[in-house]
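First up is the structure itself, then whatever we jot down about it.
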Amino acid sequence: MEHDHVEDGDQVVFHREGWSRVFQIRRKRQVYLDKTKLDVDALIGQPYGSTFEVDRGKLVKIEGPAASELSLGETSSDTGTDNRNLLDLDSNQKMSKEDIMKMKYDGITGQKIIEELIENSETFKMKTEFSQAKYLKKKKKKHIPVFTVMRPTPRLVLDIFSKDPSKICYLRADSLSQLLSYSNVMYGSKVAVVETCQGLVLSCLLQRIGEAGKIVQLIPSNTNAVCRQVMDYLGFAKFMENVYSFPLDELSSLKDDRSFPSLNSKYYDKIETNEDGVSSGQYNITVSNGSFCDGGESLTSNENAEAQGSDEAFDGESVAPDLTEEYGDCGNAETEGAKIDSGMQMEVKKLGPNRELQRQRREKRQKEAGTIITEKLDSLVIACKYNPTPILMQMLSYLHPSSSVVVYCQHLEPLVECYTSVKDNHAGLQLKLSETWFREYQILPQRTHPKINMSGTGGYLFTFITSQSNSESFAPQS
Amino acid sequence: MEHDHVEDGDQVVFHREGWSRVFQIRRKRQVYLDKTKLDVDALIGQPYGSTFEVDRGKLVKIEGPAASELSLGETSSDTGTDNRNLLDLDSNQKMSKEDIMKMKYDGITGQKIIEELIENSETFKMKTEFSQAKYLKKKKKKHIPVFTVMRPTPRLVLDIFSKDPSKICYLRADSLSQLLSYSNVMYGSKVAVVETCQGLVLSCLLQRIGEAGKIVQLIPSNTNAVCRQVMDYLGFAKFMENVYSFPLDELSSLKDDRSFPSLNSKYYDKIETNEDGVSSGQYNITVSNGSFCDGGESLTSNENAEAQGSDEAFDGESVAPDLTEEYGDCGNAETEGAKIDSGMQMEVKKLGPNRELQRQRREKRQKEAGTIITEKLDSLVIACKYNPTPILMQMLSYLHPSSSVVVYCQHLEPLVECYTSVKDNHAGLQLKLSETWFREYQILPQRTHPKINMSGTGGYLFTFITSQSNSESFAPQS
Amino acid sequence: MSFNANKHNVGCGDTVLLYVGYDNMLPVVVEKGKTHQTKFGAVKHDDLIGKQFGTRLQCPRGWIYLLRPTPELWTLSLPHRTQILYTTDISMVIFQLDLRPGSIVAEAGTGSGSLSHAILRTIAPKGHLHTFEFHKERSEKAREEFHLHGHAQCVTVTHRDVCGEGFQLEHTVDAVFLDLPKPWECILSAKRAMKKQGGRICSFSPCIEQVQRTCEELSAKKFTDIVTMECLARHFNLQYAKLQNVSFKTIDETIDPQAEADSEPPVKKANVTPSSRDRRGDSDMHHFTSAVPAINMPGHTGFLTFATLTSNDVN
Amino acid sequence: MSFNANKHNVGCGDTVLLYVGYDNMLPVVVEKGKTHQTKFGAVKHDDLIGKQFGTRLQCPRGWIYLLRPTPELWTLSLPHRTQILYTTDISMVIFQLDLRPGSIVAEAGTGSGSLSHAILRTIAPKGHLHTFEFHKERSEKAREEFHLHGHAQCVTVTHRDVCGEGFQLEHTVDAVFLDLPKPWECILSAKRAMKKQGGRICSFSPCIEQVQRTCEELSAKKFTDIVTMECLARHFNLQYAKLQNVSFKTIDETIDPQAEADSEPPVKKANVTPSSRDRRGDSDMHHFTSAVPAINMPGHTGFLTFATLTSNDVN
């Protein structure tokens, strides 16, 4: 099923270390990459794993050593012993910004530009080897846009949000990966999820249940929309029949047998056609840039934050515009000149023709979701901008005993509340409240050290195992 | 003033890596070290920095390489390549515990015991070099009680509490050192301190103000006693004239000019004799093992904790007895057979003869303390088991503008309150709330890595600079 | 079979965890007629059969819970045959290796099978784990365990030293995991094991020198995106904490002329206060719920190095 | 002189910090007749003279505060001539080197003087700092600064490469601090500089390979108690955070027969709810004060290696 070469319509990751962008590849399509308009036609038919350099809006395949290994000739062998004679002056570099811009405009390659920069630096040769390497790395990153074309995976997609982690509630690889572990979600699991992470958590869980499991995404009724952007990135449209939506508001109705007779979910599976994944598309349309948590600002600028209404808070923050530009063809940030054709947008069109049919389908899907819930779930995962405690406590009765529950939150305080509620209600075992220290290292000869910048927080996790509250006593042994 | 050799009456640190004990050295004295009774006579006249091995209750000076470098002969050159053929069995060691005990009783040195252990291990030679080194290190620590005799410093004294950090509110070297920095306490500073860290914070501050500064220790009236044990460890009795006590309860009285006329402190300095450090000795007598913060237990055993009255909480926790044994001659944990002669106890005796005179001195000292406070302070340091916010807010009016304030707490939550109060009252600038990640490394050839065990928390610091709340406007420039 | 998602009741031959307390679980294989001793008294296996996972059992001297084993709980309760990987690292490995149902994975060494169980959960039922262990007894124990836990179809346990003899796999796996003293010695063999489309590799090493040599070798063998990281779990304990509130006199009390007239020293007066207040119990206490980091935490487990082999660089 | 404890009012020649905002301070040397431009408008030096430190000044476009320089504030505002040490590391260095009033210290290199100021605060007025810098211009700038800040008596600034030429101090110091690319090259010279009673040494290095060589050399030169550590400050921002409360129907609402009769799809009904609730503003919000760790933090400054030279091992 998985092809080794990029095909028309594929979602493709442009990747270099710690940086990723996703684009859907279509013939004649142009995308924006780091403010450069780019023709992606050339990718079709190329094997995944190929490396490309951007050269005047064209993609040029690099054979041989990968981008990160690009050598810089003899220049770096000429080194000073230390920096004692260096003064920090702007005049050290004889080339001006204008010179560089002109070179780029003239189509000089980044490699060549860097060589020129070195040639025109008064101090480069006097710098220590260490300083030279640092200089080169900085310049390479700036002037040589090189990337490798990869098939999207959750790992690569996570990189996309590194510039604006608030979009995914500040989930980091370590917290997301532990969320997945502690949820114990596996092939065939029945899972309930509440997430406002652009569908990232949903997608990861979906990948793990395979075609045999079921996921019900619980959606607050008093929210306008949920975003599942990441589902598109990962090309998960085909799995949509395993994903259901259910309004949190209706949970209590499940306890009333009259309105929700216990349906045989298998019956519904048969009627359901493959395309009906669309039925939950209702929640798929509006992209929410909002970040409720971030409505809270540092105390210094607090008046500002308090003044915002909740609607405004939903409409996103100042960083959003920058970001959407980078997203290229994703969601509401369609690139100019490119045809509107993302998976999401197509669904909108499909929804149009027969509203009544869609409504019926939606209703049927929701009933099925209700059945999945009432027949009890194996796992519950919460990673959202809603207050988690009421949701958690509401959901506990729909979990098998010995099920796995994970609540992720950017803040510690709400999880303290969750912990206390579960503890006080004797609703779980192995309660764990934790955060993770995540650190990356630079491993280089004679220059090994932890990276200079690190993330101060990847959020907090509260995990536990559900338990039966009333014990079954059995006869002590004689 | 500082002698290079141990003298009768000196407070001396017995130190090895990460482990320290303080003893006062007196002729004919015996102390308990790791459950072994020990004659310390031999130390008198020895230079500081000397290393000793304990040999059947006697101290034997080691000349040449220091304890940590003790070589273990040829044994370690015989190594296996990996552990593939090792089974974890008790029978690998042919020597029994009884054999080892007998050797010790017979006065065999630790060095010899380890050699025997290696000889009798079936698996030692098959172990990798790495595993061998690990094994040796473990055995050395257990069987060779070697330590170096050092002059006490705050750094070494801190080690003493590593077994029971609750006694010093979980202060770690990193948090204590930052507390000292951010307090900006220096030669000649006037400082107010509230601490329940056995006098550790007080002592460190006292060391930094030299003979020119003044420290007022603020003492809650509804506490029975404060402990200044560490003052003795560091031999600070001679600096006592710079340390004042003042009851927090009386702070508000300072605002009433009638009861506290603004006295000229210099006048009082003249009358004050050198011995009058004793006047604050009242607070020096009772040693409090209590740890209020630890009255709070984990939720699991919470009923227990809640049941304790506050008096009980003050009387300390289960770990205290173990610890006091280690303290040797300090405070209430006097070793058996040793004469009761610590500095502290002597003060008690001096207090006896003329109670009225003492009372008068105390009153005078307290008046002076009041004057120091009303003439305004340069720094305020809080590191205690009391709720810090009310104390902090009460003290703000006694600080110069542009003074340094540090509040340390084992818990984050009380400092959030402090932060909010200071912010809301516009009482400070550069508000910083922080914790520190502190990590130690094993640096060994081919075996370099962060240490396997680390401290999860060293408490939290809130620091700021006081500011004038009403601005002086001045004419804008024309 | 009890690791399976669709299993909700205990059957004969199932591995169950008898939960005695936090982080304290006994793994038990249910067999007819057997009895197990716990600190709360004896548990008859016959009484467990047919019970729902999660059931609370009243034992003579306390409650225990019958838990379904998950790889995370298994990691906490498995018999240690070696140092093991814990869930924080395990999670990162699974995620960074891009594992999912259907993935083919090579692992060396098997050790106590802590990571293996998490890999198997993720790749089952159509994926496969080739796991290698140079210690014979350990490899046999692991094979037994995997069979008992219903993983027989998804795993091949091989007793072999991959450093000397290699994986002996030709372009069959999506990912390789190495937990070896000298991982650099089998990078080449790992590369050969990778599918033609390329894949991901991870090496776990406690010492930085091992990481340095491994990174050099990975780079020499054309692996890219070489990243080294460390992750440490920091657990919070919830405490009902209390701090003593100090007493401050109000101004009214302070200028009480009576006290002044008596020329009673302020200290004395202050000393009277505490006892009377203390008797009121906790009224002088500031109570709050505090999330306190555990005082002792693992400071280091190992460095995780990840790298990519792209289809370009497979040969 | 303004670093001094007993100085409370601004005088001519004093260095003051104009505090513009959090972590944003301008160091200014007060001179008669001069004017300084800030983002809130011009500040006349003449207006500063005689003012108390901590004074809030009303400028044309905002407030600024006149702060007394402390080594910590100086570290945040000093002119960078090199990478500098920050307060978390500095504090540890001072503490672990056992510094106190009267200590004699050797430091190489001086750099931007960030650590030097903290050392000088601690050892003044009777202690002494011998500080060495191989970069000529930097050593001159540092000397000027120390003089301006009233430290002239306590510090000797020498322009010299101690790696090549050594400290040239004979048994005079209590402690040595090294921040050099190749610290191992001057361990021997550092040892010679130590007092006969022995003392403490610290080396700060960013890379682990430097630490390894330094530790080896320290051990070879009979230093003991060699400990390597790292400390990182983690700052919390206080946020008035809010999380949306989701609505749950009460049972009464749910079984409302009217809604059932209409066979209105539940989804539709649900969609009506949010807008009406949103209009109520924050009533659906769960508010709390949250201490949130800064998203970006320094992940590494350097490794601090400390060791002891005992009197035994001086020669």
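Just the heavy atoms: all of them, side chains too, but no hydrogens, waters or symmetry mates, feed the values below. Lettering of chains follows the sequences in order, A, B, ..., and the numbering in each one begins at 1.
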Among [options], single out the residue with the greatest number of heavy-atom pairs under 4.5 Å to chain D.
options	answer
S50(B), A173(B), C204(B), P47(B)	A173(B)
L180(B), T466(B), L412(B), L158(B)	L412(B)
Q430(B), M186(B), K376(B), Q178(B)	Q430(B)
D378(B), L179(B), L156(B)	D378(B)

Heavy-atom contact with chain D under 4.5 Å, split by part of [X]:
X	result
I465(B)	side chain
L176(B)	side chain
S404(B)	side chain
Y48(B)	backbone
N184(B)	both

Test of ring centre spacing under 6.0 Å for F462(B) and Y460(B):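 No, ring centres 6.0 Å or more apart.
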Distance only, no hydrogens: is a donor on one side chain within 3.5 Å (strictly under) of an acceptor on the other, for [X] and [Y]?
X	Y	value
D159(B)	S162(B)	no
Y441(B)	E230(D)	yes
H235(D)	S434(B)	no

Looking at [options], which one has more heavy-atom pairs under 4.5 Å with chain B than the rest?
options	value
G21(D), P293(D), P125(D)	P125(D)
K126(D), E72(D), Q96(D), K196(D)	E72(D)
M25(D), R200(D), E216(D)	R200(D)
A291(D), G41(D), P101(D)	P101(D)
N6(D), T87(D), L66(D)	T87(D)

Ion pair R213(D)/E217(D), N-O distance below 4.0 Å: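 Not counted as a salt bridge, because no side-chain N and carboxylate O are separated by less than 4.0 Å.
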Salt-bridge criterion met for K432(B) and D23(D) (N-O under 4.0 Å):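 Yes.
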Whether F3(D) and W74(D) hold their rings parallel, tilted or perpendicular, with breakpoints at 30° and 60°: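 Aromatic pair F3(D)/W74(D) classed perpendicular.
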Parallel, tilted or perpendicular: rings of Y19(D) and Y65(D) (30°, 60°):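 Y65(D) and Y19(D): perpendicular rings.
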H171(D) side chain vs M194(D) backbone, donor-acceptor pair below 3.5 Å: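 Here the side-chain-to-backbone pair exists.
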Under 3.5 Å: donor-acceptor pair, side chain of Q207(B), backbone of S203(B):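 No.
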Name the region of [X], side chain, backbone, both or neither, that has any atom closer than 4.5 Å to a heavy atom of chain B.
X	value
L17(D)	neither
A118(D)	neither
T305(D)	neither
T88(D)	both
L76(D)	side chain
I208(D)	side chain

side-chain hydrogen bond (donor to acceptor under 3.5 Å, both in side chains) against S181(B), all qualifying residues, sequence neighbours excluded: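 side-chain hydrogen bond (donor to acceptor under 3.5 Å, both in side chains) list for S181(B), sorted by chain: S91(D).
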All side-chain contact (heavy atoms from CB on, under 4.5 Å) counterparts of S175(B), not counting sequence neighbours: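 For S175(B), the residues satisfying side-chain contact (heavy atoms from CB on, under 4.5 Å) (neighbours in sequence not counted) are L171(B), R172(B), Y408(B).
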